[in-house]
Protein chains: 2
Amino acid sequence: MYQRKIPIDYECGLSVAMEVVGSKWKFCILDEVSKGIKRPKDLVNAINGITKRVLQKQLRELELHGLLEKTIYTEVPLRVEYHLTASGRSLLPLVSAVDQWGMGFSSQLKTILETEE
Amino acid sequence: MYQRKIPIDYECGLSVAMEVVGSKWKFCILDEVSKGIKRPKDLVNAINGITKRVLQKQLRELELHGLLEKTIYTEVPLRVEYHLTASGRSLLPLVSAVDQWGMGFSSQLKTILETEE
DNA sequence: ATGAATGGTGATAAAATTATCACTAAGGGA
DNA sequence: TCCCTTAGTGATAATTTTATCACCATTCAT
């Protein structure tokens, strides 16, 4: 998320986790991939608001961090698929827990933000 | 985290959660408060790398979002304490799950980042 | 009156993330 | 050859988050 000048504290789980999945789209991407959406093109369509370029960068980071793996099929047209690694799968319970917490908190947040204005 | 121009999607739990806790220090702060560190001054000391100003802003947001409540004791010197609301407490299992996942992933991330260079 | 301790804010700079746009590459078909 | 589809990248702008620094307020003790 935000962790370059102040280096990662490998002793702090929160610091490590933030480094790896603390950005706007990571959880969404992992979620969609786990649901079977694996091609970049399909992910762009599935994730509301993301652009091709940003998705590409996030996929690259998830791949570098070892949460996703890429497979290239030499078909026509070219087909590329991303799938979860074991580490990626180990994150799924967290993704769904965060998602569920957010759903439960949604109405409260809505109320708060609408009252503010 | 990054959600002003593209408005929050209240139907998406991940979007809601990111809005509320998707920033560098929120989880750390909730974690420390849950451990009994409640005063701004003590939080600054407890959280490695955070500054007074940034902490203040994060506390204000957590308060606005209804995860923390503030109590002012008119003592000398002035004492202010933040404590978790019910919503804040409902987040604790998540905080600890993220922390534990991060701890488990720490060595892998370390290896990956050191190999890259 | 002065200073120490605590909590807080405003202005601005710095850093990081995300968005936009144009571009390349490979393969195949008309 | 020209175009289509899919995947990917480079350069740069826009946006947001974090960091830094100086400052104010309150209360009490000296």
Side-chain angles (χ1 to χ4, degrees), chain A residues 1-9 14-15 18-29 33 37-65 68-83 113, chain B residues 1-9 14-15 18-29 33 37-65 68-83 113:
Chain A
M1 137 173 320
Y2 222 178
Q3 214 101 328
R4 291 291 114 64
K5 298 283 283 207
I6 299 169
I8 302 165
D9 178 0
L14 292 175
S15 175
M18 285 296 110
E19 172 68 18
V20 177
V21 293
S23 77
K24 184 173 178 180
W25 302 106
K26 295 270 171 75
F27 271 24
C28 282
I29 292 170
V33 170
I37 313 285
K38 308 189 169 192
R39 302 183 63 180
K41 180 206 164 204
D42 294 331
L43 286 166
V44 169
N45 292 330
I47 301 174
N48 193 292
I50 202 169
T51 63
K52 182 184 156 193
R53 186 68 175 104
V54 172
L55 173 67
Q56 214 70 255
K57 284 199 175 184
Q58 304 291 304
L59 286 173
R60 162 68 86 242
E61 287 177 18
L62 289 168
E63 194 190 352
L64 287 177
H65 287 155
L68 291 181
E69 273 177 352
K70 182 162 90 168
T71 310
I72 301 175
Y73 298 88
T74 51
E75 298 176 0
V76 168
L78 178 59
R79 182 159 63 103
V80 170
E81 288 189 355
Y82 290 86
H83 64 273
L113 294 185
Chain B
M1 144 172 319
Y2 220 175
Q3 213 99 328
R4 290 290 114 65
K5 301 282 283 205
I6 297 170
I8 303 164
D9 178 359
L14 292 175
S15 176
M18 286 295 109
E19 172 67 19
V20 177
V21 293
S23 76
K24 184 172 175 179
W25 303 106
K26 296 272 171 73
F27 271 24
C28 283
I29 293 170
V33 171
I37 313 285
K38 310 190 169 195
R39 303 181 64 178
K41 180 207 164 204
D42 295 330
L43 287 166
V44 169
N45 292 331
I47 301 174
N48 191 292
I50 202 168
T51 62
K52 184 182 157 193
R53 185 69 176 103
V54 170
L55 173 68
Q56 213 69 255
K57 284 200 173 183
Q58 304 291 303
L59 287 173
R60 161 67 89 244
E61 287 177 18
L62 288 168
E63 194 191 353
L64 287 175
H65 288 156
L68 291 181
E69 273 177 354
K70 182 162 93 170
T71 310
I72 302 174
Y73 299 88
T74 52
E75 300 176 359
V76 167
L78 179 59
R79 181 159 64 103
V80 171
E81 289 188 354
Y82 290 87
H83 62 273
L113 295 186

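Please read all numbers here as calculations on a predicted model, not as lab measurements. We use all heavy atoms of the structure for the numbers below, so side chains are in, but hydrogens, waters and symmetry mates are not.
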Do any N or O atoms of the protein come closer than 3.5 Å to N or O atoms of nucleotides 25-28 of chain D, and which pairs are they?
none

Residue-phosphate contact under 4.0 Å: A/Lys24 side-chain N/O, C/dA19 OP1/OP2: yes

For the student: nearest non-hydrogen atoms of B/Val33 and B/His83, plus distance: CG1-CA, 4.2 Å

Distance, nearest 0.5 Å, that separates CG of B/Leu14 from CD1 of A/Ile29: 11.0 Å

Terminal axes of the helix from C/dA1-D/dT30 to C/dA30-D/dT1 (five pairs each): angle between them, nearest 10 degrees: 30°

Proximity to the side chain of A/Tyr82 - top-ranked nucleotide from C/dT18, D/dA19, D/dG8: D/dG8

Sugar-phosphate only, base, or nothing, as touched by A/Lys70 at under 4.0 Å among non-hydrogen atoms: sugar-phosphate

Separation of atom CG in A/Leu68 from atom P in D/dA7, rounded to whole Å: 15 Å

Minimum heavy-atom distance between A/Tyr82 and A/Pro40, given as atom pair plus value: CE1-CG, 3.8 Å

Under-4.0 Å side-chain N/O to phosphate OP1/OP2 contact, A/Gln58 with C/dT17: no

With A/Thr74 via side-chain contact (heavy atoms from CB on, under 4.5 Å) - residues at least two apart: none

Distance test, side-chain N/O of A/Tyr73 to OP1/OP2 of C/dA26, below 4.0 Å: no

All pairs passing salt bridge (Lys or Arg N to Asp or Glu O under 4.0 Å) where residues 68-83 of chain B contributes a residue, at least two apart: B/Glu75-B/Arg79, B/Arg79-B/Glu81

Interatomic distance where CG belongs to A/Leu59 and P belongs to D/dT6 [whole Å]: 16 Å

Pairwise N/O distances under 3.5 Å, protein to nucleotides 9-13 of chain D:
from   : atom 1 : to      : atom 2 : distance (Å)
D/dT9  : OP1    : A/Arg60 : NH2    : 2.8
D/dG10 : N7     : A/Arg53 : NE     : 3.2
D/dG10 : N7     : A/Arg53 : NH2    : 2.6
D/dG10 : O6     : A/Arg53 : NE     : 2.6

List the atom pairs, donor and acceptor, that lie under 3.5 Å between side-chain atoms in residues 54-61 of chain A and the rest of the protein, sequence neighbours left out.
from    : atom 1 : to      : atom 2 : distance (Å)
A/Gln58 : OE1    : A/Ser23 : OG     : 3.0
A/Arg60 : NH1    : A/Glu63 : OE1    : 3.2
A/Glu61 : OE1    : A/Lys26 : NZ     : 2.8

Contacts of B/Asn45 that satisfy side-chain contact (heavy atoms from CB on, under 4.5 Å) - sequence neighbours left out: B/Lys41

